[in-house]
Novice: 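This is the structure I have questions about; it appears just below.
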Amino acid sequence: MKVFVNRKEITIFTGARVIDAVRAYSAYSAKMLLKGAFTVFDRFGNMTEPDGRLTEGQILIIKKTK
Amino acid sequence: MKRILLPFFLSLSIILISAHPAISQKNKGPVEVIILHVNDMHAKIDNMAKLAYFADSLRKIHPYVYLFAAGDNFTGNPVVDMVDDKGYPMIDLMNQCGFTLSTMGNHEFDLGQEAFNRRQKQADFPFISCNIDASGAVLKQPKPFYILKAGIVKIPVLGIIQLGENGMPDSHPSRLTGVKFTDGIAKAGEYKYLKDKYGMLIALTHLGVEGDEPLAKAMPQFDLIIGGHSHTTITTPMVVNGVKIVQTGSGLKNVGMTTLTVDRKKITDIKYQLIPLASVKSTNASVQAAVDKYNDNQELNRTISRAESDFTGENALGGLMTDAVTNIHGVDISFQNTGGIRIGSIPKGDIKLKDVYRLDPFGNEVIVFKMNVAEIQSLICNAFNRNKDVDLIPSGVKYTILTDQNGLCTAVNLTDTKGNTLDPNKEYTVGVNSYIAASYKFDHRDAGASQYKTTAQTLIEYLIKVKNVAYDGVPRTGVKPEK
């Protein structure tokens, strides 16, 4: 399936979680996410946990944790 | 935020006491109904006693307090998942907390239909879902909706489960045998009459926010959607088409408190607050005792298999892990990255459950790709080049990497376990963990599919199935530097 991380299209396996898409996007971002230094938001601006399941076309935005 | 929560709770208590909702109801004035809700608890039980305390505290001062779960109560904690009565600790604790209702999530199927039926029977609360047809399955048919009764107020609550691209919930198809699913949004349309009949309608969904949004667009009849599945932490309710959408994250870190004001068969106001359970400083003593008992469970010390020889080093341990994947998932080939092998050895003797979680603590799932030989070689080569060293321990094949003067992989000699060359025209099923699937760069036309089972669960099933294992001492990988 295709999802978008920081506007970049990522093709990822069916059943992937947020962390999988972030890993496919950038190893550094994944490391920072798991450390809590980065946070992932959905297109509505809600925080999404790293283990949340993805749906086709989902948009994720990675930001530094405030 | 934490600092303001308890004062808020206390002030809320005062508001609730002064409101005298029962009296209001007698006078046919507005009635307040409090719905506490969690989603995607995933068997994380450590905050359960705080949740119970919080719910009990509200119940003492308010007659209409209810506790909902928006699915995925199970899977994610061995003290719940790996006991003989899989999942029972969660049901027991949910009963003790006084849960009113749960919707079906995709992980409710992880227990297997028979075991889940037993859990449903043990639960003091119903599981609901409107888009599940279990008439041809072992699964007991869940009711589509639940009528919440708060005195004379009756509020229908409709359950909906998510479906993936294959038209089924995110679970291995083998767990869904005989169960039919229909699109949740389309099916929900058949229940618009509940709004006409009761004047109100709530959805308790396991669709994820990306599913709740179109649901709200399609059905403004909903007053409120309490959601789960996407593990989204909503601090301020989303409002779509006039419908409020809430969700509380995952792992029982938070509880949502949604207060409805009901007046003349209509919900006239909805207030929502996300409450981190870390901010609740007291616990229900009996629930805490039960949590402690489950956490002290000696189940992890249970012997599940026997090692007839020492398994020492990455080749031995990685081979054990990948043999489990090929055996349990029925794939041709599997690979385990050495970085995911977290102990040095399993000594000859009993293998306990906890050994598996020490070996493989990450919770990665098994992902299966259809790949040809060239694609498999690209995976092996790229993995090697990450650190100029063998990284992937295989099952189903053996390989030798040829390297150039810089120590980089130039080619891979790939054979089956007997040394026969693989068919370059054949498509093989290849199982890897989700870390490899997401992080490693390799050629693959197939995007892959999760089997919705972790590599640790896979190894446990394998060890229980084969009863004893032995390391044959035969290396499965090799490196041949360029002369």
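Letters A, B, ... are given to chains in the order of the sequence lines, protein chains preceding strands, and every chain is numbered from 1. Note that the coordinates shown come from a computational prediction; the quantities given were computed from them, not determined experimentally.
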Novice: With only heavy atoms counted, which part of B:E365 is less than 4.5 Å from chain A, the side chain, the backbone, both or neither?
Specialist: side chain
Novice: Output all residues satisfying salt bridge (Lys or Arg N to Asp or Glu O under 4.0 Å) with B:K217, sequence neighbours left out; order by chain, then residue number.
Specialist: B:E213
Novice: Determine the option with the most heavy-atom pairs under 4.5 angstrom with chain B, choosing from A:V22, A:T11, A:T48, A:I59.
Specialist: A:T48
Novice: May I ask you to name which of A:V40, A:I19, A:D20 has the most heavy-atom pairs under 4.5 Å with chain B?
Specialist: A:D20
Novice: Does A:R23 have any salt bridge (Lys or Arg N to Asp or Glu O under 4.0 Å) partners at least two apart in sequence or in another chain, and if so, which?
Specialist: none
Novice: Is a donor on one side and an acceptor on the other found under 3.5 Å between the side chain of A:N6 and the backbone of A:I62?
Specialist: yes
Novice: So, using salt bridge (Lys or Arg N to Asp or Glu O under 4.0 Å) as the criterion, who are the partners of B:D110 when residues are at least two apart?
Specialist: B:R175
Novice: Can a salt bridge be assigned to the pair A:E9 and A:K2 using a cut-off of 4.0 Å between side-chain N and carboxylate O?
Specialist: yes
Novice: Measure distances from B:I234 to the heavy atoms of chain A and classify the residue's part below 4.5 Å as side chain, backbone, both or neither.
Specialist: both
Novice: What part of A:D51 gets within 4.5 angstrom of chain B, counting heavy atoms only: side chain, backbone, both, or neither?
Specialist: both
Novice: Can you list the residues of residues 437-445 of chain B that sit under 4.5 Å from chain A, counting heavy atoms only?
Specialist: B:A437, B:A438, B:S439, B:K441
Novice: Determine whether a donor-acceptor pair (N or O, by modelled atom type, separation under 3.5 Å) exists between the side chain of A:S26 and the backbone of A:S29.
Specialist: yes
Novice: Closer than 3.5 angstrom, by distance alone: can the side chain of B:H231 be matched with the main-chain N or O of A:E49 as a donor-acceptor pair?
Specialist: no
Novice: Using the six-membered ring of A:F41, assess whether NZ or CZ of A:K63 lies under 6.0 Å from its centre and within 45 degrees of the ring axis.
Specialist: yes
Novice: Count the heavy-atom pairs under 4.5 Å between each of B:K253, B:Q162, B:H42, B:Q451 and chain A, then report the option with the highest count.
Specialist: B:K253
Novice: Using a strict 4.0 Å threshold on nitrogen-to-oxygen distance, state whether B:E210 and A:R43 make a salt bridge.
Specialist: yes
Novice: Counting only non-hydrogen atoms closer than 4.5 Å, does B:N364 touch chain A with its backbone (N, CA, C, O), its side chain (CB onward), both, or neither?
Specialist: side chain
